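Working notes, structure below.
In what follows, every chain begins at residue 1, and chains take the letters A, B, ... in the order their sequences are listed. Please read these numbers as outputs of a predicted model, since none were measured by experiment.
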Amino acid sequence: MNDPETANPIPLLEVRNIKKCFGRVRALDGVTFTVDRRSVVGLLGDNGAGKSTLIRILNGIYSPDAGEILWNGRSVHLRSPRDASNLGFATVYQDLAMIDQLSIYRNMFIGREKNVTWNLGPFRFLNHKRAKRETSAALAALGIKIKSTETAVEALSGGQRQSIAIARAVHFGGELLILDEPTSALSLRQTKQVLETIEKAREREISVIFISHNIGHVFEVADRFVVLSHGQTVANLSRVETDENQVSHLVREGRAVER
Amino acid sequence: MNDPETANPIPLLEVRNIKKCFGRVRALDGVTFTVDRRSVVGLLGDNGAGKSTLIRILNGIYSPDAGEILWNGRSVHLRSPRDASNLGFATVYQDLAMIDQLSIYRNMFIGREKNVTWNLGPFRFLNHKRAKRETSAALAALGIKIKSTETAVEALSGGQRQSIAIARAVHFGGELLILDEPTSALSLRQTKQVLETIEKAREREISVIFISHNIGHVFEVADRFVVLSHGQTVANLSRVETDENQVSHLVREGRAVER
Amino acid sequence: STAAAKEKPVIYSIVHGTLSDPFWAVYRKGLQDAASAYGAELRALGTEVHSVQGEVDLFNSALAAKPAGIITTIPDAAAFQEPLERAKNAGIPVIAINVTDTRPKAERDPYLFYIGGDEYLGGQEAAQKVLSVKKPAEAACWIHEPGHTGLEARAKGWTDEMQKAGIKSDTLTFRANNPTEAAAALKGFLTSHPNVDALFAVGPPPASVALEVLNELGKSEKVTLISFDLTQEQVEAIQNGSLLGTIEQQQYLQGYLGIEFMKLYLDHGFVPGGSVLTGPNLVDKANVATVKAQVEAGFR
Amino acid sequence: MTVIRLVLARLETGALLSALAVASIFALWTSNFLSLESITSVLIVTSESAILAIAVTLLMIAGEFDLSVGSVLGLSSVVVPLMMVNYQVPPLAAVMIAFAIAVGIGLLHGTIVRGLRIPSFIVTLGGLLFWRGIVFVITQGFPVRVPRGSGSLFDFFSYRFPNGFDVSLLWLIAWAPVFYVLLTQTGFGNWIYASGANERAARAMGVPVDRVRTILFVFTSVSACLAGLIQVGRFGSVDATRGQGLELEVIAASVIGGTSLSGGVGSIGGTILGCLIIGMIRNGLAIAGISSYWYTAIIGLLIVAAVLVNKATERFRKVAV
Amino acid sequence: MTVIRLVLARLETGALLSALAVASIFALWTSNFLSLESITSVLIVTSESAILAIAVTLLMIAGEFDLSVGSVLGLSSVVVPLMMVNYQVPPLAAVMIAFAIAVGIGLLHGTIVRGLRIPSFIVTLGGLLFWRGIVFVITQGFPVRVPRGSGSLFDFFSYRFPNGFDVSLLWLIAWAPVFYVLLTQTGFGNWIYASGANERAARAMGVPVDRVRTILFVFTSVSACLAGLIQVGRFGSVDATRGQGLELEVIAASVIGGTSLSGGVGSIGGTILGCLIIGMIRNGLAIAGISSYWYTAIIGLLIVAAVLVNKATERFRKVAV
Ligand SMILES: Nc1ncnc2c1ncn2[C@@H]1O[C@H](COP(=O)(O)OP(=O)(O)OP(=O)(O)O)[C@@H](O)[C@H]1O
Ligand SMILES: Nc1ncnc2c1ncn2[C@@H]1O[C@H](COP(=O)(O)OP(=O)(O)OP(=O)(O)O)[C@@H](O)[C@H]1O
Ligand SMILES: [Mg+2]
Ligand SMILES: [Mg+2]
């Protein structure tokens, strides 16, 4: 938005040589890639490759041992998820991160209450009606059918929970949508809707990082494929350079096909 | 095992007209199907169809409002997961159900300690070494690479956690293995291994209930497809009667193709 | 003078309750005044709540510090037997104050002598004072810390004496840490026992609550209130007639004399012939004026 | 039907039923339980403890404990009359200073819990001992006479109307709705629930968990200060043991009112009812003439019984916050 | 290096460092802290409280509280001499009956928690009041003396050797390893951790959570009984307030030793060290002759400081149970 030129050379997000150890486990060992404006990056890798750790670092949940994160070309230090959401990140975590005991609509707006408050002098109050209405709308937009937004999240099925987390991220989505295996529990129908949503996000100038083990799904939407293996970036390919087979092989073997 | 005749007419498990309401939500509204010996049943259905609720009922976590469960032809009342495991069920729950703070090998044997205890008079003690060794072996059998079985489960990646839960169920698998979306977080490589494991289970006379939204995966292993929709059994087809398209359609639409 | 400072004997004082209790505050002042007068290094300890066990543990710690002498209460003779014997073997003199082992000297725990009052007598005296002004229809006595041996003894003295006079006396056991709750409970009791017209509060906390409750109920006239120990509030209440009187032990003396006698024993080996009784002493309208200034200055 | 369902669904309903059960038992048992005298004294007790318990409830919902409230109450009760008597501080200034101290204590507790990552249980247990020790140091154990001449100020906290009611009830009526609105109608209330129900998820969703809890530690200290001032005005003197043992009682009231010890669940109404239940039990037993050694035992039984009524009706309540 | 890593990784290490820190402070501060007299008296106090705290720790790891231990300790301490004096029950039988009562109380608490789904906090708070009330009722507030002739039996629980050490230390040395083995080397120990860390998952994995907790309630009551009898032996008498306030102290010792209030985390060694830390602080301050003014306040500070040492070294410890 700051820079509406179409041929902008500065990428939206740049991740440079990020490293992170847990004790003796090297979860990330030098990860580098960029997310351009209006692009969908598919982040791939075997189980334990370090994808979720990277996402947590992007949200300030962990701090990296080394490396740099640049946002719009400027180096940023993310100390908490709050910092990240202020920058304009919206994330669906792999473990979903919802408050089971609270209702759907409260979960929708936790940490984002300012969107549904009304002011009385210096005080801000929640507009419950509006929160419920907006929640219903956001769910409907994703094609999710749930009887009441007052239901506690713990009463939902695995897929329903996941849908709500996605709806939350999409609804507030700033400039970067980060989806860590968002479709793992979703039915075919729901999955299709999520993939469409990703497409629409791109059209709305929102960039997306999309993690999934279903390479087919990733291929349907991504412009660029970043493959991690044992915490390292082993490939960074644009859609035109590659095909499903090559990417599958990279994910499986953690290195390129021997020629 | 009790009845080694091959043409046994009594199915291993029979679920008859199970119903379950939560407040005004009818999660299950009459589910009926059977699991034959040495067979893999694929349980399919849209998000919120009631699959996981059924699994919880089979494990005595919820008690059904109506209906009957027959095991080897005899009606059983399951009051707790302990009852179920005594009958010979081993389950991977969709939400995994592990103790995050405990180590991998302890998680492996919780509730199944008698497999790794040694006796001193009337007392039973854990054999930690053996527990770790057996855990490593069970993980290796599934092709899972993890540095140490002493790591806390909370330090694992999503896919690693899921692999451990599967390893646990497979390792103790009695006569019926119940897998609720076991491959959702797994990489292609891991998924393949799990599907192979299911095949092997059948060869070892173990029956399997396999839930997944990936109909391709289900088709690779299942002999029979049970489709739920809004808590009801809308289809129960053997492999020879159907194909992937028909099942996909059933799952998507909740009813058969109009002819 | 540094040599003299080093010479200062270390004297421990240990009690079975919290020193933040108003009663022990006065006692402590006695200790301190004597300690500075006689050049002793005072170490005054108390438990956090009423606890004999906690006191014995403190006593053991004090023994480990190898002091010149220890001044302690003996709320439970059996519990103190073994520690006192150890003190004796270690050659550390002990003076008992406030409550003690009442058995004859030959049988009792090994300590030098006792300085203090007699709780049971104090309770009796409270009853006698009330009986001297009227014959209550029904009486009651309020222990704010049930199980506290000293308070229970006061209550028993009162109850026995009332029974002798043929008057029924109930025992209340509401705690007074939360005065509002205690007030509500006392009101409840007075509602359900409308005949009660004499009340014995075994210490300042229940006395304070009882004064307020009787005032609020307009029963200050009808119910004769008597109490134990002295605070400014009680003094004022005696002056304005809402409190008949209060029994005190002159515990300042227990502290002051404790140090003084310990010093005399340490320097010259003096031991008095018997117990030194500091109470019970009745304060009522007749003598309240004389003690008022003392209370304000913290001597009573 | 729907109305009944909705009422039954609320967390407070169980506590309400418990309260009604306790009230009925005593009303049948003793004739005086419903007298004005008895009602007012129950209400006074309830108001005081509820003012404190409400703040403690919020903190418990957010997943932390405050064991220091009794000592903080003691401290503020002692500090105000002491300043007025010994240092001729004007009453209003003394009160302001007491509240400032309370704010400081709350901030201190919150900062230690948050900055040093020490469990709140330990920090506030330390606080329980430390602030009680400070009370002892400044009073030297002597009770402090409350200057009633300054009645006008303390009347503000606890004036007793001729009909027996007390200003403290008005304080509760003013205090409770503020916290109720805070908890249920603001984003901050959302954060309180989220912090206690699932701290990790709350952080991931952008809730400033540490800040929320620090603010709540300030609330508990300030409430303790207010409750202390309400008590001070009523009785002629304060001794250094004022408020001892209160921490457990307010936590108990919260739990009786439906607050969960593990965080994430609780309500203002339930807590007030919890305080009412405890108040009624204590007062009712005294009216029934059980005042002696059985008193303690029977309180124990009735507390369990009261919660039992709550639980027995629980299955009707299944709606999320 | 690896050995150091492994040692640092244990949960107990933090508590050990705290204990060493406290011991060093007092050893430097006062010359008598390391005298035999002082060491034995710390060990006696530590043994008594640790015997109780160990069981409380297990229960806390399993995710429940027992606030009634102080009252149960009081009850069993009172019941034994009372039966011997008033009903001429033989000593051994009296002790057996006391243990039977303790088992009964534990079962009762466990059954109410489990059967009626009332939080353990409330049930055992009820127990705290009820059993204390019963003590008041049966003693009428007066201390009970242990008949001397029976000395031989109580020597079994608490005999002080000429060198100052006490049998209670042997009890701890016998008691602690049993629970240590139970917690770390048996399936039941696994269940204890699982029940507290994630009750729902534990049930799903086939852990009989309710049975585990009920058994642990029995353990806490029985431990309280044993600790009570040890104290009866040491003091030769019991008063009606015996054990009052103990519940908070043993929970504090557990938490200082690294036990989590929310369940799933804790160790026997840590708890013993926690008891030792509290014992040393009390003893050390008494020996140092800290002005009684400051005594309480400083205990509070030192408890927080002790946990701080523990936390400061925490990042080295990252190995699962
Ligand atoms: N908190 C932690 N402590 C210790 N090790 C951790 C922690 N979090 C992650 N790890 C380790 O770091 C590695 C990377 O984990 P991560 O969750 O990032 O994998 P992932 O690529 O998301 O895998 P998946 O596809 O299974 O979700 C794993 O080996 C994991 O065990
Ligand atoms: N404890 C509960 N309380 C109330 N409603 C519940 C509860 N558990 C499940 N439900 C509801 O029952 C329905 C079925 O849920 P279930 O988890 O069985 O679906 P599912 O088929 O497993 O879906 P998914 O594929 O998303 O995992 C859903 O509408 C859900 O909201
Ligand atoms: Mg991941
Ligand atoms: Mg499911």
Nearest heavy-atom approach of Val304(D) to Gly126(E) is CG2-CA, 3.9 Å
Quick one: what part of Ile138(D) sits under 4.5 Å from any heavy atom of chain E, side chain, backbone, both or neither? neither
Measuring from atom CG of Leu67(D) to atom CD1 of Ile251(E), what distance do you get when rounded to the nearest 0.5 angstrom? 9.0 Å
Leu116(D) portion near chain E, given a 4.5 angstrom heavy-atom threshold: both
Would you call the rings of Tyr293(D) and Phe136(E) parallel, tilted or perpendicular, where under 30° means parallel and over 60° means perpendicular? tilted
Would you mind telling me which of Ala305(E), Ala297(E), Ala252(E), Ala240(E) has the largest number of heavy-atom pairs within less than 4.5 Å of chain D? Ala297(E)
Side chains of Ile299(E) and Phe130(D): closer than 4.5 Å at any heavy-atom pair? no
Straight-line distance of Ile303(E) CD1 to Leu128(D) CG, nearest 0.5 Å: 9.0 Å
Ile134(E) versus chain D, the contacting section by heavy-atom distance below 4.5 Å: both
Applying a strict 4.5 Å limit to non-hydrogen atoms, the region of Tyr295(D) in contact with chain E is neither
Just so I know, are the side chains of Val307(E) and Pro119(D) near enough to count as touching, which here means a heavy-atom distance under 4.5 Å? yes
If every non-hydrogen atom of Gly300(E) is compared with every non-hydrogen atom of Leu129(D), which pair is closest and at what distance? CA-CB, 3.7 Å
Residue pair Gly133(D) / Thr296(E): nearest heavy atoms and the distance that separates them: CA-CB, 4.0 Å
